[in-house]
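Position 1 is the first residue of the sequence, and the numbers go up from there.
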Amino acid sequence: MRTALSFLYRAAEVLGAVFLVLIGVLIVSQVFSRLLGRMVPGADELAGYCMAASFFLMLGPALRRGAHIRVGVLVDRLHGGARRVFEVICLGFATALSLYFAYYWVQMTYDSYDFGDLSQGVLPIPLWIPQAAMAAGLIVLVVALIDDLVAVLQGREASYQNAGLQSEG
């Protein structure tokens with residue numbers, strides 16, 4: 001199971017990085033095309049979709065690496081059972097909230113697919129395509145939160161505590 005989860009987190013991370021590279025490619029192509037008196041149609045719109053996809057796909061891996069901004073003013077001062085209870089409450093709330101958003105985002109993506117919604121920009125892109133990348137990122141975040149919640153409930157540390165990054169406390 002750990003191998004499958006690690007693969008999932010790594011795949012989301014790689015896809016997020018690919019979308020970042022695509023943003024760079026789109027920007028550079030737009031710059032060079034303008035120098036030649038041309039234009040890349042829809043480049044701004046596509047770069048925006050790539051940015052959203054990259055951001056959402058990186059949410060789960062960022063949590064695992066401890067890169068999310070956490071307020072450690074209280075939790076860093078707690079030890080033992082009190083810290084564990086607080087971590088469980090925080091992870092439970094974060095999981096529930098993320099699951100709520102993921103469920104409704106997946107529903108919205110399906111509705112966009114079902115209705116045949118298209119973007120209003122220069123390129124008529126089916127909206128379910130960028131929405132699906134964002135939904136996938138939310139699902140990976142939910143899986144990462146559940147993974148950490150189970151770890152803390154089993155008495156182990158959450159992944160972000162083992163990541164070596166300190167919170168801003």
Quick one: which of Y113, Y110, F115 gives a ring pair (Phe, Tyr, Trp, His ring centres under 6.0 Å) with W128? Y113
N/O donor-acceptor pair under 3.5 Å between S98 side chain and V142 backbone: no
Look up atom OH in Y9 and atom CG in L63, then write down how far apart they are to the nearest 0.5 Å. 8.0 Å
Which heavy-atom pair separates A43 from L26 by the least distance, and what is that distance? O-CD1, 4.1 Å
Are V21 and L15 linked, directly or through other ILVMFWY residues, by side chains that come within less than 4.5 angstrom of each other? no
Would you say the side chain of L46 lies within less than 4.5 Å of the side chain of I125, judging by non-hydrogen atoms? yes
Reported CZ-to-CG distance for the pair R64 and L59, which is rounded to 0.5 angstrom: 14.0 Å
Distance check, rounded to the nearest 0.5 Å: Y160 atom OH versus D148 atom CG? 6.0 Å
Given 3.5 Å as the limit, does a donor-acceptor pair link the side chain of S54 with the main chain of M51, or not? no
Hydrophobic clusters here meaning ILVMFWY residues chained together by side-chain heavy-atom distances under 4.5 Å, can you tell me if L145 and F55 are in one? yes
Between R2 and D147, is there a side-chain N and carboxylate O pair less than 4.0 Å apart? yes
So how far is it from F19 CZ to F56 CZ, rounded to the nearest 0.5 Å? 13.0 Å
side-chain contact (heavy atoms from CB on, under 4.5 Å) for E87 and Q161? Distances and angles first, verdict last. CA-CA 11 Å; E87 290 280 355; Q161 292 172 321; 3.1 Å; yes
Can you tell me if S119 uses its side chain to pair, donor with acceptor, with the backbone of L123 under 3.5 Å? yes
Tell me whether Y103 is reachable from L99 by hopping between hydrophobic residues (I, L, V, M, F, W, Y) whose side-chain heavy atoms are closer than 4.5 Å. no
To the nearest 0.5 Å, what is the distance between SG on C50 and CD1 on I23? 5.5 Å
Take atom CD of Q120 as the centre, draw a 6.0 Å sphere, and report whether it contains more than 12 heavy atoms from other residues, nucleotides or ligands. no
Shared ILVMFWY cluster between Y104 and L97, side chains joined below 4.5 angstrom? yes
Do any N or O atoms from the side chain of W105 and from the backbone of Q131 form a donor-acceptor pair under 3.5 angstrom? yes
As a quick check of understanding, evaluate side-chain contact (heavy atoms from CB on, under 4.5 Å) for R34 and Q30, giving each step before the final call. CA-CA 6 Å; R34 284 182 183 172; Q30 187 78 327; 3.4 Å; yes
Count the heavy atoms belonging to other residues, nucleotides or ligands that lie under 6.0 Å from CE of M108, then report whether that count exceeds 12. yes
For E157 and V152, run side-chain contact (heavy atoms from CB on, under 4.5 Å): C-alpha distance rounded to whole Å, both residues' side-chain angles, the deciding distance at 0.1 Å, then the answer. CA-CA 6 Å; E157 286 188 340; V152 172; over 6 Å; no
With a 4.0 Å cut-off on N to O distance, would you call R10 and E13 a salt bridge? yes
In terms of heavy-atom contacts, M58 and A17 come closest through CE-N, 3.3 Å
Taking atom OG1 of T109 and atom CG of L138, what is their separation to the nearest 0.5 Å? 9.0 Å
Single-linkage hydrophobic cluster, 4.5 Å side-chain cutoff, V143 and M1 together: yes
Check the pair V140 / L57 against side-chain contact (heavy atoms from CB on, under 4.5 Å), numbers first and verdict last. CA-CA 7 Å; V140 172; L57 286 166; 5.5 Å; no
